[in-house]
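Below, chains carry the letters A, B, ... as their sequence lines are ordered, and counting in each starts from 1. If you're wondering where the values come from, they're calculated on a predicted model, not measured in any experiment.
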Number of protein chains: 2
Amino acid sequence: MKGLGELERSIMDILWAERGPLTAREVGRLIADRDLAPTTVMTVLDRLTRKGFLTRTRDGRAWRYEPAASRDAYVAELMLEALDLTGDRSAALQRFAQAVSGSEAEILRRALTELEE
Amino acid sequence: MKGLGELERSIMDILWAERGPLTAREVGRLIADRDLAPTTVMTVLDRLTRKGFLTRTRDGRAWRYEPAASRDAYVAELMLEALDLTGDRSAALQRFAQAVSGSEAEILRRALTELEE
DNA sequence: GGCGTAGTACTACGTCCCGTAGAGGGGTAC
DNA sequence: GTACCCCTCTACGGGACGTAGTACTACGCC
């Protein structure tokens, strides 16, 4: 999977937080604090589409952009990719299990239990 | 945590696979298939040290390089960083739990159970 | 005791990614 | 038909990284 830059991630965050697809202009308004040129937003949206993180559909003359996958799916994929870097997956998983906080361990435990059934 | 490039990762892999610290020359021999100039290996070892991935100690005129952390710790950290990217850690963890293979789910389950005790 | 060798530090260059944006073309609305 | 909006294409500067040369120093050998 391709990586994301800092601005790219900010824009993905905006789109992940919305329920419907947004136009470049709308994204621009939601990230107005960065005071970016409109074309900057468009360029980044375009790059994200090329990288497969967004899909876009026509809306009149404009495009509407929407995440291709949920943020959770993205995060889970990143975690799996990290796991693939190790030679000893078991050891890495054990370390990971020890490192997550208690409440998160509980969530993991429950998710794994449901799997079992 | 800083990222690793492709050559940097290869060299970390070599050092993670060895039990003792290596000199630049030794690393060079272990990566001879890439046919790199000796200074290239030294440069990368130096950058890895600056980034905090390696520590080095004198051995005569030479330096001996050694990973600052185990590969498993590195991988677990990457996984935690990925997890930090999400707004909904619980959803991401559930996705992750569903995505790991059965045997790995079992490893996780056991690690979590040990934690509980 | 000079010379090759090994090791180091420092500098450098090309490439790719990414943040950033301008220029120009073509609908739309009034 | 003019002002505006949105698109596409092109571009530029900085930083990371792969790659390596140069120059200085210490050690061993003859």
Side-chain angles (χ1 to χ4, degrees), chain A residues 1-16 18 20-68 74 78 81 85, chain B residues 1-16 18 20-68 74 78 81 85:
Chain A
M1 183 171 39
K2 286 263 167 198
L4 288 181
E6 178 272 328
L7 174 57
E8 290 174 338
R9 182 128 39 211
S10 298
I11 288 186
M12 284 308 295
D13 277 343
I14 287 174
L15 286 161
W16 272 322
E18 292 293 316
L22 298 183
T23 64
R25 169 155 295 257
E26 289 163 348
V27 172
R29 265 196 288 270
L30 290 172
I31 206 179
D33 48 320
R34 288 187 66 141
D35 201 33
L36 296 172
T39 50
T40 300
V41 177
M42 287 191 216
T43 300
V44 174
L45 287 170
D46 193 48
R47 285 185 186 159
L48 287 169
T49 306
R50 265 186 239 280
K51 287 186 187 179
F53 286 98
L54 299 177
T55 61
R56 65 182 195 178
T57 51
R58 276 285 178 194
D59 178 10
R61 274 177 304 146
W63 292 104
R64 292 203 161 268
Y65 294 86
E66 192 172 24
Y74 168 64
L78 278 187
E81 256 178 39
L85 292 180
Chain B
M1 183 172 38
K2 287 261 165 199
L4 289 180
E6 178 271 329
L7 174 57
E8 290 173 337
R9 181 131 38 214
S10 297
I11 288 186
M12 283 308 296
D13 277 342
I14 286 174
L15 285 162
W16 272 323
E18 292 293 316
L22 299 183
T23 64
R25 168 156 297 258
E26 289 164 348
V27 172
R29 264 196 288 269
L30 289 172
I31 205 180
D33 47 322
R34 287 186 68 141
D35 202 30
L36 297 172
T39 50
T40 299
V41 176
M42 287 191 213
T43 300
V44 173
L45 287 171
D46 193 46
R47 286 184 185 160
L48 287 169
T49 306
R50 264 186 240 279
K51 288 188 187 177
F53 286 98
L54 299 177
T55 61
R56 64 182 197 177
T57 50
R58 277 286 177 194
D59 178 12
R61 275 177 305 145
W63 292 103
R64 293 203 159 266
Y65 294 87
E66 190 172 24
Y74 167 64
L78 277 186
E81 256 178 38
L85 292 180

[X] [atom1] - [N] [atom2] separation (whole Å):
X	N	atom1	atom2	result
B:D46	D:dC17	CG	P	14 Å
B:I11	D:dC17	CD1	P	13 Å
B:R58	D:dT25	CZ	P	14 Å
A:W63	D:dC7	CH2	C1'	10 Å
B:L48	D:dC17	CG	P	9 Å
B:E26	C:dT8	CD	C1'	16 Å
B:L22	C:dA6	CG	P	18 Å
B:L45	D:dA20	CG	P	15 Å

Next on the checklist: Please confirm whether the shortest side-chain N or O distance from A:R56 to OP1 or OP2 of D:dT8 is below 4.0 Å.
Outcome noted: yes
Less than 3.5 Å apart, which donor and acceptor atoms pair up between the side chains of residues 32-42 of chain A and the rest of the protein, not counting sequence neighbours?
unit_1	atom_1	unit_2	atom_2	d
A:R34	NH1	A:E6	OE1	3.4
A:R34	NH1	A:E6	OE2	2.8
A:R34	NH2	A:E6	OE1	3.3

Identify every side-chain donor-acceptor pair in residues 60-68 of chain A under 3.5 Å, counting partners at least two apart or on other chains, and give the distances.
unit_1	atom_1	unit_2	atom_2	d
A:R64	NE	A:D59	OD2	2.6
A:R64	NH1	A:P21	O	2.9
A:R64	NH1	A:E26	OE1	3.1
A:R64	NH2	A:E26	OE2	3.4
A:R64	NH2	A:D59	OD2	3.3
A:Y65	OH	A:R56	NH1	3.3

Show each protein N/O and nucleotides 16-20 of chain C N/O combination with a separation under 3.5 Å, one pair to a line.
unit_1	atom_1	unit_2	atom_2	d
C:dC18	OP1	A:K51	NZ	3.4
C:dC18	OP2	A:K51	NZ	2.7
C:dG19	OP1	A:E6	N	2.4
C:dG19	OP1	A:L7	N	2.7
C:dG19	N7	A:R47	NH1	2.7
C:dG19	O6	A:R47	NH2	3.0
C:dT20	OP2	A:R34	NH2	2.9
C:dT20	O4	A:R47	NH2	3.1

Next on the checklist: Any non-hydrogen side-chain atom of B:R29 less than 4.5 Å from a side-chain atom of B:R25?
Outcome noted: yes
Hey, what are the protein-to-nucleotides 26-30 of chain D N/O distances that come in under 3.5 Å?
unit_1	atom_1	unit_2	atom_2	d
D:dA26	N3	B:R61	NH1	3.4

Next on the checklist: Applying side-chain contact (heavy atoms from CB on, under 4.5 Å), can you list everything that pairs with A:I14, at least two apart in sequence or on another chain?
Outcome noted: A:L22, A:L30, A:I31
Next on the checklist: Restricting to side-chain contact (heavy atoms from CB on, under 4.5 Å), what partner residues turn up for B:R9, sequence neighbours left out?
Outcome noted: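 By the side-chain contact (heavy atoms from CB on, under 4.5 Å) rule, B:R9 matches A:L85, B:L4, B:D13, B:Y74.
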Checklist entry - Listed by chain and number, what are the salt bridge (charged side-chain N to carboxylate O under 4.0 Å, His left out) partners of A:R58, not counting sequence neighbours? => result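 By the salt bridge (charged side-chain N to carboxylate O under 4.0 Å, His left out) rule, A:R58 matches no residue at all.
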Checklist entry - Between B:K51 (side chain) and B:G3 (backbone), is there a donor-acceptor pair under 3.5 Å? => result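 Looks like yes, one N/O pair under 3.5 Å.
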